[in-house]
Amino acid sequence: MIIAIDGTTASGKGTIAKRLSAHYGLPHMDTGRLYRATGVAALHAGVALDDAEGVAKVARSLDLADFNEADLRTAEAGRAASVVAAIPEVRQALFELQRAFATQPIGALLDGRDIGTVIAPEADAKLWVDARVEVRGERRWKELCGQGSDISLETVIEQLRTRDQRDQSRKDAPAAMAADAILIDTSDLTIEAAVEKAIAAVKAALARGNRA
Ligand code: C5P
């Protein structure tokens with residue numbers, strides 16, 4: 001069984017993905033980490049983020065063990081991720097890794113932006129997790145403040161808007177809700193309620209038999 005969880009930044013998709021992978025006993029891949037790690041590694045190596053071949057080379061030799069979680073979670077890492085994610089050669093370099101994970105015999109759950117549309121269009125259940133940008137901004141802002149940042153809420157919301165726009169308008173694999181995905185809007189939901197709704201949506205997709 002493959003579960004695809006896509007959605008916007010700070011929508012709660014990561015939390016939902018973790019909880020669903022435990023619920024269904026499926027290995028989980030947070031595909032955003034691949035793009036974050038590529039962006040961070042390129043910055044460290046002094047490779048310009050618009051150097052398509054240079055960044056693709058970084059993506060091809062990526063070892064996730066080289067990164068600690070805190071370095072990948074910064075606002076800078078998120079921005080760099082969304083810039084390098086718009087480069088087709090980078091997406092190509094990371095495709096096989098994700099595809100192999102998705103098709104392992106015991107099944108898998110992946111979260112990202114293009115899982116239901118590009119990486120695993122045959123997924124048995126697809127969710128698109130979203131929330132109003134102001135709500136997402138506040139969540140992300142609190143997280144960043146907790147890490148010691150003094151960034152303003154307005155700046156965070158503006159950065160999310162820019163990121164959404166870049167992710168949704170890129171030519172290659174734009175972040176998009178698959179036609180057969182179920183929308184989970186977490187704006188007015190607690191984490192528990194959002195997780196419950198997501199489990200119910202997956203159950204419904206499995207019952208209806210997403211795989212045509
Ligand atoms: O989900 P997360 O915020 O960690 O993703 C960081 C960035 O990586 C996104 O803004 C997006 O540009 C890119 N990404 C992507 N495709 C995925 C996962 C992430 O383009 N499957």
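Side chains included, hydrogens not; waters and symmetry mates left out as well; all remaining heavy atoms used. In each ligand, atom 1 is the first atom listed, and ligand 1 is the first ligand listed.
Of all the atoms in ligand 1, the ones that sit under 4.0 Å from a non-hydrogen atom of Lys13 are 1 (O). Distances below 4.0 Å separate heavy atoms of Asp167 from the following atoms of ligand 1: 9 (C), 10 (O), 11 (C), 12 (O). Proximity to Ala81 (heavy-atom distance under 4.0 Å) selects the following atoms of ligand 1: 6 (C), 7 (C), 8 (O). The contact set between ligand 1 and Arg36, taken as ligand atoms under 4.0 Å from a residue heavy atom, comprises 2 (P), 3 (O), 4 (O), 6 (C).
Note: no N/O pair closer than 3.5 Å links Arg33 and ligand 1 by distance alone. Between Gln98 and ligand 1, no pair of N/O atoms sits closer than 3.5 Å. Residue Arg163 has at least one nitrogen or oxygen atom sitting less than 3.5 Å from a nitrogen or oxygen atom of ligand 1, judged on distance alone. The shortest N or O to N or O distance between Arg91 and ligand 1 is below 3.5 Å.
No heavy atom of Arg166 sits closer than 4.0 Å to any atom of ligand 1.
Put simply, Trp128 and Leu206 are part of two different groups of oily side chains (I, L, V, M, F, W, Y) that touch within less than 4.5 Å, one to the next. Hydrophobic clustering of Ile, Leu, Val, Met, Phe, Trp and Tyr side chains at less than 4.5 Å, counting indirect connections, unites Leu62 with Tyr35.
Scanning the protein heavy atoms around atom 17 (C) of ligand 1, the nearest turns out to be Arg113 N, 3.4 Å.
Defined by atom type and a distance below 3.5 Å, a donor-acceptor pair is missing between the side-chain atoms of Ser11 and Asp130.
Between the side chain of Ser82 and the backbone N or O of Gly78 there is no donor-acceptor pair closer than 3.5 Å.
Test Lys197, Arg139, Arg136 against Thr186 for side-chain contact (heavy atoms from CB on, under 4.5 Å) and you get one pass: Arg139.
To the nearest 0.5 angstrom, Arg113 atom CZ is 7.5 Å from Arg170 atom CZ.
Cluster note: Leu153 groups with Val133, Trp141, Leu144, Ile151, Val156, Ile157, Leu160 through ILVMFWY side-chain heavy atoms spaced under 4.5 Å, whether in direct contact or through intervening members.
Contacts of Arg170 with ligand 1, taken as heavy-atom pairs under 4.0 Å, involve the side chain alone. At a 4.0 Å heavy-atom cut-off, ligand 1 touches Ala85 through the side chain alone.
The shortest heavy-atom contact between Ala52 and Ile87 is CB-CG2, 3.6 Å.
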